[in-house]
Amino acid sequence: MFRPGRKTTRLPTTPYPEVIEVTASAPLVDAFDLVIFGGTGDLALRKLLPALFHRFLDGQIPAGSRVVGIAREGLDDDGYRANIRKALLEAGGAKDKVDAFLTQVAYRSLDARKDEGWDAFAALIGEQPDHVRVFYLSTSPELFVDICNRLGEYDLNRGKSRVVLEKPIGRDLASANQINDAVGRIFDESQTYRIDHYLGKETVQNLLALRFGNALFEPLWNAGHIDHVQITVAETLGVGTRGAYYDRAGALRDMVQNHILQLLCMVAMEPPSSLSPDAVRDEKLKVLRSLRPIDESNAAQYTVRGQYRAGAAEGQSVPGYLEELGPGSKSHTETFVALKTEIENWRWAGVPFYLRTGKRLPERVSEIVVVFKSVPHSIFDASAGPLTQNRLVLRLQPDEGVKLWLTIKHPGPGGLRLRHVPLDMSFAEAFGVSQPDAYERLLLDVVRGNPTLFMRRDEVEAAWRWAGPILDAWGASGEAPRPYTAGTWGPSAAVALIERDGRTWNEDSE
Ligand code: NAP
């Protein structure tokens, strides 16, 4: 893992003029109306509205564009703006800028399941027939069908309209199909944007640039040179107040089926012929369809699931999962999963992909680690020290960046001693620019009509086809998840999963 304060070797210092030139002026988009169903919710206030505010600050929101929050709560425009104002000021927004942004924000109170209020909402949207219309469904997925049906009934899918679906899209293949069918009756697939905010992260896009913009990596990007790949998404938080939602989901549905598989696809896909949406998504789909199946016959061998017990996080005692659910709770929902899979094609045959995610782990970190094979023969004496495998570490959070671990000679006299050091490129430092939140990029991609970084329906289906049998196998086993103490890296079986192959989970080392 990355440990702040460690000494690393940095690329040349800031600035990189040619890069700054490219990113300095954010391209303008067409005037739009962005409607957030669930506009008073956690996601809207914590992520979507701040993302729009930041784009506003960069001058990327054209005059006349409107952001409309929708929820049942009986607020008027001013009441809604006051809520957002508070959230944006607390996040450090300047008062005059926040107020200027809020002139473009409105609110309509309505219940997605009742007709009342929809006429007035439709009239509001109808005022700007030429605007791009984005309907962002930031509600629980049970409401997606009602909302889409009413958008159809009130004839709101007109002109340049798009719908954005938040995760989770269903809890299995059947329920995902139900949602996709219902949405598909109103919106064409080309208008449907299934968001996975991991794909909007700089590091993930940088993976495309690294792989396909450099001649260095692609010749080595295969089973001949790569030993294995690890993907870790670790959280220090527990479920907190989201226990009711989480207990119906669990780590596999919440993280692996969507985010982690999407990351895996970006690592493993064949070079697409272009960055056009379908060229990229066709290649990702092939990866999903090539994943080695895990089912009742091998789930015990390839998967480990866990559930946290009371322990310590960030120096404080914290309760276990069941205590957080409420007194007397019983649950077999996993808050941790580690698994080993393979991609059954020529490029990747025999290369294990180790995936792990969990709550109440020791560090908040998301990273992809590509571990290269050892050199075939060492020319160095034992006194030079061990030769360590090269690793390319792509960090998605907390600080987005890339490290390439190389072996060099320890500088100075004293004979030839080998050192393993990271060539470290922390994006924010190296480029002297702040990192936009993934939602900033993705929201404007929707307005632009660019679905490259969104999941197509067949991808969601393929991901469920792979994840479903794992969930079935766990259910059939009747076994409880293995307990682990909050603040540790999950059950010891997760360590054994990788160590019995003679490998270890990534730890930063020099
Ligand atoms: P939340 O805080 O519970 O907000 C739900 C929103 O939906 C509220 O604005 C609520 O307002 C509105 N709502 C509920 N019933 C409604 C109805 N019948 N008609 C109209 N509006 C209704 O949920 P959230 O955390 O923002 O999450 C929203 C969605 O995004 C969920 O599917 C979640 O899984 C997903 N998501 C969330 C996060 C996150 O960080 N929060 C991350 C990824 C994905 P009223 O009660 O006033 O109607």
Side-chain angles (χ1 to χ4, degrees), residues 34-52 67-76 79-84 87 91 105-118 120-122 135-151 153-154 156 163-171 175-176 179-180 183 193-201 233 235 237-260 262 357 359 364 366 396-397 437-440 442-443 446 454-455 460:
L34 193 150
V35 180
I36 306 176
F37 287 90
T40 57
D42 175 69
L43 183 69
L45 291 178
R46 213 166 39 80
K47 288 285 182 187
L48 306 181
L49 287 153
L52 289 164
V67 176
V68 184
I70 302 279
R72 290 169 303 179
E73 192 179 346
L75 295 169
D76 59 11
Y80 186 52
R81 288 179 189 138
N83 288 349
I84 301 170
V105 176
Y107 179 80
R108 290 296 177 272
S109 162
L110 56 80
D111 186 333
R113 292 194 158 130
K114 296 181 182 156
D115 282 327
E116 208 182 324
W118 278 84
F121 167 61
F135 301 107
Y136 196 116
L137 310 197
S138 175
T139 64
S140 97
E142 281 87 52
L143 293 177
F144 289 1
V145 176
D146 289 282
I147 294 171
C148 286
N149 284 344
R150 283 201 163 69
L151 289 172
E153 249 173 65
Y154 286 83
L156 288 168
V163 65
V164 184
L165 308 181
E166 254 302 339
K167 74 159 200 185
I169 299 175
R171 59 186 323 276
S175 53
I179 291 173
N180 284 325
V183 174
Y193 289 69
R194 297 175 191 82
I195 202 158
D196 187 320
H197 68 274
Y198 274 59
L199 293 183
K201 288 186 179 286
V233 176
E235 298 177 88
L237 295 175
V239 286
T241 53
R242 293 184 69 225
Y245 157 74
Y246 193 87
D247 201 49
R248 276 178 48 75
L252 193 89
R253 286 190 177 94
D254 195 45
M255 282 290 171
V256 179
Q257 183 272 343
N258 36 52
H259 304 312
I260 294 185
Q262 286 294 318
T357 181
K359 291 195 175 289
R364 175 176 170 265
S366 299
L396 285 80
Q397 57 190 23
D437 185 79
Y439 279 101
E440 294 182 39
L442 295 174
L443 280 168
V446 179
F454 295 80
M455 288 180 291
V460 175

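Note that ligands are numbered from 1 as they come in the structure, with each ligand's atoms numbered from 1 the same way. This chain uses plain numbering: 1 for the first residue, then up along the sequence.
For Arg81 (side chain) and Val105 (main-chain N/O), a donor-acceptor pair under 3.5 Å exists by modelled atom type.
By the 30° and 60° cut-offs, the orientation of the rings of Tyr193 relative to Phe454 is perpendicular. Note on ring orientation: taking the six-membered ring where Trp is involved, the planes of His197 and His259 are perpendicular (angle over 60°, cut-offs 30° and 60°). Ring planes of Phe37 and Phe121: perpendicular class, angle over 60° (limits at 30 and 60°).
Residues with a heavy atom under 4.0 Å from ligand 1: Gly38, Gly39, Thr40, Gly41, Asp42, Leu43, Arg46, Ala71, Arg72, Glu73, Leu110, Asp111, Ala112, Ser138, Thr139, Ser140, Pro141, Leu143, Glu166, Lys167, Pro168.
Annotation: side-chain contact (heavy atoms from CB on, under 4.5 Å) contacts of Val145 (sequence neighbours excluded): Asn149, Ala182.
Considering OH of Tyr246 and NZ of Lys359, their distance stands at 5.5 Å, rounded to 0.5 Å.
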